[in-house]
Amino acid sequence: MMINRRQWIAGGAAFATTLAAGPLLAKGSKRKPIGLQLYTVRELFSKDPMGTLEKVAGIGYREVEFGGGGYDKMDHAALRKTMDRLGLKSPSIHVGYEALGGDFDGAVKMAKTLGADTIVVPYMGDAHRNAEAWKAAVANFNHYAEQLKKAGIGFAYHNHDFEFTVKPGGTSLFDTLIADADPALVKIELDLFWAIAAGEDPKAIIKRLPGRIYAYHVKDRTADGKMTSVGKGVVNFADIFALNGTAGVKHFYVENDQSPAPYLPDIQTSFATLSRLHA
């Protein structure tokens, strides 16, 4: 797949230079595998989890992040056995805020069975998006992260756009999160699409949070704001990935919340694009 003209215009010489330099590789580090957030293929996964993992591995993905598709109710030992057979790892899993609070021990067991080293809270509903409720939630993030650390598991929070755009009393939810969360315990899974959709500069976020970015959710954005396969939009990933060393990012998960059926071509396109960014 050729890099389209619009991307060259958007990225210019920086894109070409960084592409040649291998931006998924921090200086002196090993090549990082490309992962997939399984929410992207949730329609397939919910009906045929093992077969979907086989197809994902067949494309070339070596990491998966569980989220959606009913995975939390499945046989996690069987999922792990299939992953081991396919050479897949799951460094992190998405666990809802209420689910984590409601069955903490169950979430820990699920993470360990699937081989995950980090639990990510993926979303917070409207009830939490006010000053008082948000501060209470962030305090709980700190508490959960501390307890998870004792169990040998890390904690991260995944952003959408509302954390930046909702500003109770003039302070964004994201700013409150960064101010109140323990930087040693609460990491960020930076969703690049949603940060850009909120009008933020991902590079500025990375520079603000050196060493605190656990993973990226890599999804592209068209000029008119639609979600699309990596490489089919205008996001200059090479420019962002030049700061990987600063971010401390460990994982790169392709995600497309709105992936069109039949889903596999979408994640194949994204994989091919990120593979070129490896080169």
Side-chain angles (χ1 to χ4, degrees), residues 1-12 14-15 18-19 23-24 34-43 65 67-68 94 120-126 128-129 157-168 171-175 177-178 188-209 213 215-244 247 249 252-274 276-277:
M1 184 187 69
M2 297 295 290
I3 297 171
N4 65 42
R5 181 174 178 273
R6 186 165 55 184
Q7 283 178 305
W8 279 107
I9 293 172
F15 186 97
T18 314
L19 182 64
L24 289 190
I34 299 170
L36 176 71
Q37 164 51 253
L38 290 169
Y39 186 77
T40 307
V41 292
R42 58 194 177 278
E43 297 296 335
E65 183 178 56
H94 278 192
V120 182
V121 168
Y123 186 75
M124 297 294 281
D126 290 342
H128 301 289
R129 301 180 194 179
Y157 179 79
H158 168 276
N159 68 279
H160 286 76
D161 56 350
F162 70 83
E163 294 89 349
F164 302 101
T165 59
V166 176
K167 301 179 179 180
T171 301
S172 74
L173 298 180
F174 192 80
D175 284 347
L177 171 66
I178 298 309
I188 302 296
E189 182 170 69
L190 182 58
D191 190 300
L192 301 172
F193 174 95
W194 287 117
I196 293 168
E200 298 293 319
D201 176 3
K203 292 174 66 178
I205 295 172
I206 292 166
K207 291 175 182 177
R208 179 184 176 188
L209 303 173
I213 310 298
Y216 296 137
H217 269 195
V218 187
K219 61 184 83 168
D220 216 334
R221 190 170 187 266
T222 63
D224 59 353
K226 293 187 175 73
M227 210 173 283
T228 190
S229 311
V230 180
K232 288 192 171 182
V234 298
V235 177
N236 191 341
F237 292 107
D239 192 39
I240 296 168
F241 292 167
L243 292 176
N244 288 346
V249 63
F252 297 74
Y253 295 120
V254 165
E255 186 187 37
N256 186 346
D257 311 16
Q258 301 160 15
S259 176
Y263 312 108
L264 295 177
D266 176 77
I267 66 171
Q268 192 158 15
T269 296
S270 293
F271 182 84
T273 300
L274 282 184
R276 287 181 175 82
L277 289 174

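Residue indices begin at 1 and follow the sequence shown.
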ask   = Residues two or more places apart in sequence or in another chain: which of them pass salt bridge (charged side-chain N to carboxylate O under 4.0 Å, His left out) with E255?
value = K219
message = Using the salt bridge (charged side-chain N to carboxylate O under 4.0 Å, His left out) criterion, which residues pair with K226? Sequence neighbours excluded.
response = D224
Counting C-beta onward and ignoring hydrogens, is there a side-chain heavy-atom pair between [X] and [Y] closer than 4.5 Å?
X	Y	result
L192	F241	yes
V235	I240	yes
D257	T40	no
L243	K207	yes
L177	Y157	yes

Identify the two heavy atoms, one from [X] and one from [Y], that lie closest to each other, and give their separation to 0.1 Å.
X	Y	answer
T273	V230	OG1-O, 2.7 Å
A195	F164	CA-CE1, 4.1 Å
M124	F162	O-CZ, 3.4 Å
N256	S229	ND2-N, 4.1 Å

request  = Say whether N159 and D191, considering side chains only, have a donor N or O and an acceptor N or O under 3.5 Å apart.
outcome  = no
inquiry  = With side-chain contact (heavy atoms from CB on, under 4.5 Å) as the criterion, how do F174 and I178 come out once you've worked through the C-alpha distance, each side chain's angles and the decisive distance to 0.1 Å?
reply    = CA-CA 6 Å; F174 192 80; I178 298 309; 3.6 Å; yes
How many angstroms lie between atom [atom1] of [X] and atom [atom2] of [Y], to the nearest 0.5 angstrom?
X	Y	atom1	atom2	value
I188	I213	CD1	CD1	6.5 Å
D175	E163	CG	CD	11.5 Å
S270	D220	OG	CG	8.0 Å
L209	L190	CG	CG	8.5 Å
F271	D266	CZ	CG	14.0 Å

ask   = Just one of Q37, H94, H158 clears the side chain to side chain donor-acceptor pair (under 3.5 Å) bar with E189, so which one?
value = H94
Result of checking F252, F193, F237 against Y216 for ring-ring contact (aromatic ring centres under 6.0 Å, His included) = F252
Donor-acceptor contact present, side-chain [X] to main-chain [Y], <3.5 Å:
X	Y	result
R129	V166	no
T269	P265	yes
R42	L38	no
R208	I205	no

key: Residue pairs fulfilling salt bridge (charged side-chain N to carboxylate O under 4.0 Å, His left out) with at least one residue in residues 193-205, sequence neighbours excluded   = K203-D239
task = List the steps and the verdict of side-chain contact (heavy atoms from CB on, under 4.5 Å) for M227 and W194.
result = CA-CA 10 Å; M227 210 173 283; W194 287 117; 3.8 Å; yes
